[in-house]
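For reference, the structure discussed in these notes is given below.
In each ligand, atom 1 is the first atom listed, and ligand 1 is the first ligand listed.
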Amino acid sequence: MSTERPLLQVRDLKVSYGVVPAVRGVDLSVNTGEVYGVVGPNGAGKTSLLSGIGGMVRATGTVELDGTDVSRWPAHRRGAAGMSFVSERRRVFPSLSVRENLAVAGWGLPKDEVDERIDRVLATFPRLEERMDVPPFRLSGGEQRMLSLGRVLVSGARVILFDELSLGLAPRIVAMLVDTILELAEAGHTIVLVEQYIGVLLKVAQDVMVMERGRAAFAGRVDDAAAWLNEHGYMGAAGKSERRIPAASPGGSR
Ligand code: ATP
């Protein structure tokens, strides 16, 4: 185990919607520049876990960011402290152009700094450069994901909570986004990635949690995760890691 203090430390996180428990006591820690992957069947509580970490839903337990307990902070304060949530379901500003959406993400920063960060986003995603003046609803799914990630880069977030990297995207775009995630981690961003495609997760994550019914059925290093997923029927008979986690848990996994 590393002696480094984790940048993100979550202990006994619980999220409920009324009487329905969605996350039932989850722990995780992520070091700077690492990717923590979360996988599991539909309804397992993955989005609720990210939302609880980001402060978008009420949660109990503790969330520490770089040693500071942010558990009682509202989402916008966690955002200002460097946490950012990226989700297909999380809307960008529909009435603003791509350029404006990027610029707004750098709100409060000096204009030169924002321009420089936007240039870096365009170097990472040249496709966005051609789309700078169009409204986001005209973008393809892949371009929208690029814009969401671009906004995170402009904001300078240290911790990226990423819900579903590959959902609905062509394999070519997914491969490009996987490279971007690896580059972001290399550049020192700390990432919690919820992802249904095990192959994507195993490529980018150092640590993996398999969530089932609001709890960690498995949590550990990626190599052990691959073996666990295989043993518990998540990989399919041929051990194909491209497989998407099915809506229901596979047989014998609990
Ligand atoms: P998916 O892969 O389908 O997004 P998930 O693993 O992200 O699933 P969550 O979306 O966190 O799971 O949902 C966990 C449980 O909480 C599910 O039973 C879901 O129906 C319920 N739930 C999620 N959001 C709400 C909400 N806003 N109100 C009530 N129940 C909710």
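With 3.5 Å as the limit, one finds no donor-acceptor pair spanning the side chains of Ser87 and Glu164. A donor-acceptor pair shorter than 3.5 Å cannot be found between the side chains of Ser97 and Asp133. There is no side-chain donor-acceptor pair under 3.5 Å between Asp66 and Thr68. Between the side chains of Tyr36 and Ser29, no donor-acceptor pair is found at a separation under 3.5 Å.
The residue from Ser51, Ser87, Gly43 that puts a heavy atom closest to atom 8 (O) of ligand 1 is Gly43.
Glu130 and Arg127 are joined by a salt bridge, as a carboxylate oxygen and a charged side-chain nitrogen come within less than 4.0 angstrom of each other.
For ligand 1, the atoms sitting less than 4.0 Å from at least one non-hydrogen atom of Gln196 are 2 (O), numbered in the order shown with element in parentheses. Interface of Ala44 with ligand 1, defined as ligand atoms under 4.0 Å from a residue heavy atom, comprises 5 (P), 6 (O), 12 (O). Set against the non-hydrogen atoms of Ala22, the atoms of ligand 1 under 4.0 Å away are 14 (C), 15 (C), 16 (O).
Screening Val98, Leu122, Val121 for a side chain to side chain contact (heavy atoms under 4.5 Å, CB included) with Glu129, the sole residue that qualifies is Leu122.
Judged by the shortest distance from any of its heavy atoms, Gly40 lies outside the 4.0 Å radius around the atoms of ligand 1.
Of the N or O atoms in Glu164, none lie within a sub-3.5 Å distance of an N or O in ligand 1.
Contacts of Pro41 with ligand 1, taken as heavy-atom pairs under 4.0 Å, involve the backbone alone.
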